Amino acid sequence: MESELVLFLLQVLRISVPYVLTSVGAVFSERGGVINLALEGLILAGAFGAAVGQHFSGSAVTGVFTGILGGLLVAFLHAFITVTLKVNQIVTGIAINILVIGATRFGLSILFGSSLNSERIDGFAISSVLLDPIFLSAVAVVGIGHVLLFKTPFGLRLRSAGESAEAVDAAGVNVDLMRYSGVLISGVLAALAGVFLAFQQHSFTDNMSAGRGYIALAAMIIGKWTPIGAALASFLFAGAESLEMWLQTGWIPSQLVQALPYVLTLLVLAGFVGKSRAPREIGVPYEK
């Protein structure tokens with residue numbers, strides 16, 4: 001019984017990594033005033049970059065860097081369209097998700113001769129998720145993210161850009177630069193989540209983000225736009241997903257079990273979203 005509990009907890013930790021990284025990244029983007037519905041695309045870009053980087057270099061470290069580069073490029077595109085061109089942020093996020101899904105399918109066909117999956121990659125050769133460098137990074141990101149957001153001048157300026165961009169501009173701080181920074185941080189962390197997925201599954205598969213970006217967005221809202229709160233909510237969803245896997249062999253109908261993480265997301269959001277206050281100027285383009 002104890003060994004099964006340990007296995008269950010390790011599984012929860014493993015599943016939580018993409019949610020923690022992506023939700024904490026989303027906190028930075030939205031605290032700066034930019035709605036980030038492009039999380040699915042950022043995860044996919046990171047996973048695809050990791051698979052391509054390690055496949056052609058043979059190095060997991062190279063895969064990490066190419067994955068992060070992919071996320072940065074997509075995040076920069078999102079920031080340019082929403083912050084510089086001031087296009088609707090929700091529409092932009094959805095459009096970027098669709099774009100990345102199509103682009104990764106095309107890339108798979110060109111590089112691997114298949115629109116469904118890449119060649120096998122090794123990822124990190126580790127015996128436990130507790131030793132995985134990306135898992136350890138996710139743990140560190142929560143604490144570092146909290147300090148950066150609430151204990152530094154950068155964090156104060158970023159949060160102010162999402163609350164009152166006019167006041168930030170009047171204080172001589174570049175609002176666009178702060179908002180770009182938030183989106184790019186979100187891109188790095190969501191891409192790292194994609195790298196983790198690719199390394200865990202030892203390949204890139206079509207649309208492998210599988211809704212994790214949207215669940216991470218829900219975790220961020222439940223966590224009240226704070227890194228620690230988002231991480232705790234991510235563990236909740238990871239627990240539900242892990243429980244789904246353990247219950248699939250039982251007497252409960254498989255369709256009901258598979259819907260468990262999404263039902264939990266809706267129920268928790270229904271209970272918490274009214275009690276959470278979003279940054280006041282989130283989604284509002286700033287005009288001098």
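Quick caveat, the model's predicted, so the values are computed rather than measured.
Counting only residues at least two apart or on different chains, no ring pair (Phe, Tyr, Trp, His ring centres under 6.0 Å) pair has a member in residues 82-110. Residues in residues 144-169 take part in these ring pair (Phe, Tyr, Trp, His ring centres under 6.0 Å) pairs, two or more places apart or across chains: His146-Phe150. For residues 145-162, the set of pairs meeting the salt bridge (Lys or Arg N to Asp or Glu O under 4.0 Å) definition, not counting sequence neighbours, is empty.
Formation of a donor-acceptor pair under 3.5 Å by the Thr84 side chain with backbone atoms of Ile81 is not found in this model. Listed for the Ser242 side chain is no donor-acceptor partner under 3.5 Å among the backbone atoms of Ala238. At least one donor-acceptor pair under 3.5 Å links the side chain of Asn88 to the backbone N or O of Val91. A donor-acceptor pair under 3.5 Å is absent between the side-chain atoms of Ser164 and the main chain of Ser160, judged by distance alone.
Just one residue in the list Ser186, Ser16, Ser234 forms a side-chain hydrogen bond (donor to acceptor under 3.5 Å, both in side chains) with Ser23, and that residue is Ser234. Exactly one of Leu111, Asn117, Leu108 qualifies for a side chain to side chain contact (heavy atoms under 4.5 Å, CB included) with Phe204. That residue is Leu108.
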Give every donor-acceptor pair under 3.5 Å between a side-chain atom in residues 190-203 and any protein atom, sequence neighbours left out.
| unit_1 | atom_1 | unit_2 | atom_2 | d |
| --- | --- | --- | --- | --- |
| His202 | ND1 | Ile121 | O | 3.1 |
| His202 | ND1 | Asp122 | O | 3.1 |
| His202 | ND1 | Phe199 | O | 3.4 |

Table please: side-chain donor-acceptor pairs of residues 37-58 below 3.5 Å, with sequence neighbours left out.
| unit_1 | atom_1 | unit_2 | atom_2 | d |
| --- | --- | --- | --- | --- |
| Glu40 | OE1 | Ser209 | OG | 2.7 |
| Glu40 | OE1 | Gly211 | N | 3.2 |
| Glu40 | OE2 | Gly211 | N | 3.3 |
| Glu40 | OE2 | Arg212 | N | 2.9 |
| Glu40 | OE2 | Gly213 | N | 2.5 |
| Gln54 | OE1 | Gly123 | N | 3.1 |
| Ser57 | OG | Gly53 | O | 2.6 |
| Ser57 | OG | Ser59 | N | 3.1 |

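Counted by atom type alone, Glu241 and Tyr19 present one or more donor-acceptor pairs between their side chains at under 3.5 Å.
Here Ala233 pairs with Ala219, Ile222 under the side chain to side chain contact (heavy atoms under 4.5 Å, CB included) rule; sequence neighbours left out. With sequence neighbours left out, Ala231 forms a side chain to side chain contact (heavy atoms under 4.5 Å, CB included) with Val20, Val142. In this structure, Arg120 has no side chain to side chain donor-acceptor pair (under 3.5 Å) partners at least two apart in sequence or on a different chain. For Thr82, the side chain to side chain contact (heavy atoms under 4.5 Å, CB included) partners two or more places apart in sequence, or in a different chain, are Val34, His78, Gln89, Thr92. Partners of Ile282 by side chain to side chain contact (heavy atoms under 4.5 Å, CB included), not counting sequence neighbours, listed by chain and number: Glu30, Ile35, Trp225, Ala278, Pro279. Residues that satisfy the ring pair (Phe, Tyr, Trp, His ring centres under 6.0 Å) test with Phe76, not counting sequence neighbours, are Tyr180. Evaluation of the salt bridge (Lys or Arg N to Asp or Glu O under 4.0 Å) rule for Asp169 yields Lys288 as partners, not counting sequence neighbours.
The line from CG of Leu10 to CZ of Phe135 is 8.5 Å long, rounded to the nearest 0.5 Å. From Leu131, atom CG reaches atom CG of Leu136 across 7.5 Å, with rounding to the nearest 0.5 Å. The distance from atom CG of Asn97 to atom CG of Asn207, rounded to the nearest 0.5 Å, is 9.5 Å. To the nearest 0.5 Å, atom OG of residue Ser137 and atom CG of residue Leu189 are 9.5 Å apart.
Hydrophobic clustering of Ile, Leu, Val, Met, Phe, Trp and Tyr side chains at less than 4.5 Å, counting indirect connections, keeps Leu73 apart from Val87.
Within 6.0 Å of CZ in Phe65 there are 12 or fewer heavy atoms belonging to other residues, nucleotides or ligands.
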